[in-house]
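A short worksheet on the structure shown next.
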Amino acid sequence: MEKIDISFVIPVYNVERFVRSAIDSVIAQGLESYEIICVDDCSSDGSGAVIESLAAEKQNIRIIRNEVNRGVSYSRNRGIEEANGDYIWFVDGDDMLAEGVCRHFLRFAGENRADIVLGNYQRVPEETVNPLKPDLQPFEKRVKYVPDSPEGERMNAVWAGLFRRSFLIENDLRFVEGMIAQEDTLFYYEFSIKTDKIFKTDTICYCYRVRKGSVMNSRSNERTKAYFESMITMLNVYNEHLKKGDYTDKAILKDKILHSRENVAYCLASQTVESDVRAGMKIIKELGIYPYPLRTETFRGKNPLRGLLDFLLPIEPFFWLEHWIYAAIWRK
């Protein structure tokens, strides 16, 4: 088989309006050896027809279809298994790669035998057609390698760079399935304890499209319940790492566990159906998740009132106050 430098893994779910521009942004990179793996997660719109049309034009576009809707983590995992490239770049079906960045990343990764090479990102409006052309910046090894937007917003985003496929396979690194939020955050922790060959550049390599109707920006009580369940899953994974001694810094892991307990409580409080919240409260008390120690970190980056409410969240009367505030807001 001909050597493939990069496999671009694109989960596709109801992104008919955007998936062509996502794929076009990959093709426009001008790479000599690459493949595009589109994983259609049972789209109900015309996304399937769009990627079929593109695959008919380009031999290096492959389409994989999930039998049932399984979520982005499952789709990315299928892409990892199917990929043939030395490196994988995860691209969401409604976003775009910045112009001319892949050669820059690939060259550095190859010369330095990097396991992971990450850049930064730019939020773009929903109607954006053309990807931006960034200034290419040098790479360096950093402890803080999380992508940053030009406004300083940080995101544990797996779509902001290259992952050496053999590193993922050898360390059995996969996305935890069933989570609808922060699967990227969990993935970041898990790969960070397996390698120090992680490099970062300030180059904006990715255009993150902000869509009003996207899954990430939608809200319902069912979705907040799913967030709550995702946070419990994350907490369980962190606790399992602690139990097995699978960490490089115990203090960091313990902080993540405490922060996850806070996230569980916050996601429960933000649900709108009181009976669901009371059932959830019983569960997290039985599991020993709640209450948890007060954390002054809750004030960081928030307005004082919101920070105070989150700080007091592990005190049960204030938990219910925050829940009633959320319920009143979202019922309007």
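Here the structure is a predicted model, which means the values were calculated and not measured.
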query = Just wondering, do His259 and Met234 contact through their side chains at under 4.5 Å, heavy atoms?
reply = no

query = Just by modelled atom types, is the Leu305 backbone N or O under 3.5 Å from a matching donor or acceptor in the Asn303 side chain?
reply = yes

message = Donor-acceptor check, side chain of Ser33 to backbone of Lys3, threshold 3.5 angstrom: yes or no?
response = yes

key: Within 6.0 angstrom of Lys141 NZ, more than 12 heavy atoms from elsewhere   = yes

query = Can you check side-chain contact (heavy atoms from CB on, under 4.5 Å) on Ile61 and Ile51, steps first, answer last?
reply = CA-CA 8 Å; Ile61 297 177; Ile51 59 178; 5.8 Å; no

inquiry  = Do the side chains of Arg211 and Asp94 get close enough for a salt bridge, i.e. N-O under 4.0 angstrom?
reply    = yes

task = Check whether any side-chain N or O of Thr203 sits under 3.5 Å from a backbone N or O of Gly119 as a donor-acceptor pair, and report yes or no.
result = no

ask   = For Thr298 and Asp310, does a side-chain donor sit closer than 3.5 Å to a side-chain acceptor?
value = no

task = Would you confirm whether Asp95, through its side chain, and Tyr208, through its main-chain N or O, come within 3.5 Å as a donor-acceptor pair?
result = no

task = State, with a plain yes or no, whether a side-chain heavy atom of Phe105 is found less than 4.5 Å away from one of Tyr87.
result = no

message = For a side-chain contact (heavy atoms from CB on, under 4.5 Å) check, start with the C-alpha distance between Leu309 and Leu313, then their side-chain angles and the critical distance, and finish with the verdict.
response = CA-CA 6 Å; Leu309 283 171; Leu313 195 62; over 6 Å; no

ask   = Are any side-chain N or O atoms of Arg123 and backbone N or O atoms of Arg209, one a donor and one an acceptor, separated by less than 3.5 Å?
value = no

key: Glu151, CD: over 12 other non-hydrogen atoms inside 6.0 angstrom   = yes

ask   = Would you say the side-chain atoms of Ser149 pair up with the backbone N or O of Gln122, donor to acceptor, closer than 3.5 Å?
value = no

Side chains of residues 235-244: which donor-acceptor pairs under 3.5 Å do they make with residues two or more places apart or in other chains?
{"from": "Asn236", "atom 1": "ND2", "to": "Ile232", "atom 2": "O", "distance (Å)": "3.4"}
{"from": "Asn239", "atom 1": "ND2", "to": "Leu235", "atom 2": "O", "distance (Å)": "3.3"}
{"from": "His241", "atom 1": "ND1", "to": "Asp246", "atom 2": "O", "distance (Å)": "3.3"}
{"from": "His241", "atom 1": "ND1", "to": "Asp246", "atom 2": "OD2", "distance (Å)": "3.0"}
{"from": "His241", "atom 1": "NE2", "to": "Glu190", "atom 2": "OE2", "distance (Å)": "2.4"}

ask   = Is there a donor-acceptor contact under 3.5 Å from the side chain of Ser43 to the main chain of Asn14?
value = yes

Single-linkage hydrophobic cluster, 4.5 Å side-chain cutoff, Leu132 and Ile27 together = no

task = Check which hydrophobic residues are tied to Val9 through side-chain heavy-atom contacts below 4.5 Å, counting indirect links as well, and list them.
result = Ile80, Ile88, Phe90, Ile116, Leu118, Tyr145, Val146, Val158, Phe163, Phe167, Leu168, Ile169, Leu173, Phe175, Phe187, Tyr188, Phe191, Ile198

message = Would you call the rings of Phe299 and Phe311 parallel, tilted or perpendicular, taking 30° and 60° as the class edges?
response = tilted

message = Suppose we call two aromatic rings close when their centres sit under 6.0 Å apart. Are Tyr34 and Trp89 close by that rule?
response = no

ask   = Any luck finding a side-chain donor-acceptor pair between Asn120 and Lys200 under 3.5 Å?
value = yes

message = Determine whether a donor-acceptor pair (N or O, by modelled atom type, separation under 3.5 Å) exists between the side chain of Asp249 and the backbone of Ala251.
response = yes

inquiry  = Can you confirm whether Glu286 is buried at CD, in the sense that more than 12 heavy atoms of other residues, nucleotides or ligands lie under 6.0 Å from that atom?
reply    = yes

Aromatic contact, Tyr290 with Phe319 (centres under 6.0 Å) = yes

Arg107 side chain vs Cys102 backbone, donor-acceptor pair below 3.5 Å = no

key: Gln271 vs Phe228, side-chain contact (heavy atoms from CB on, under 4.5 Å): CA-CA, chis, key distance, verdict   = CA-CA 9 Å; Gln271 293 181 36; Phe228 169 67; 3.6 Å; yes

inquiry  = Surrounding CG of Asp135 (heavy atoms of other residues, nucleotides or ligands, distance under 6.0 Å), is the total greater than 12?
reply    = no

ask   = Have Asn156 and Gln182 got a donor and an acceptor in their side chains that come within less than 3.5 Å?
value = no

key: Backbone N/O of Glu35 and side chain of Arg62: donor-acceptor pair under 3.5 Å   = no

key: Lys133 atom NZ, over 12 foreign heavy atoms within 6.0 Å   = no

note = The complete set of ring pair (Phe, Tyr, Trp, His ring centres under 6.0 Å) pairs with one or both residues in residues 263-285, sequence neighbours excluded, reads Tyr266-Tyr326

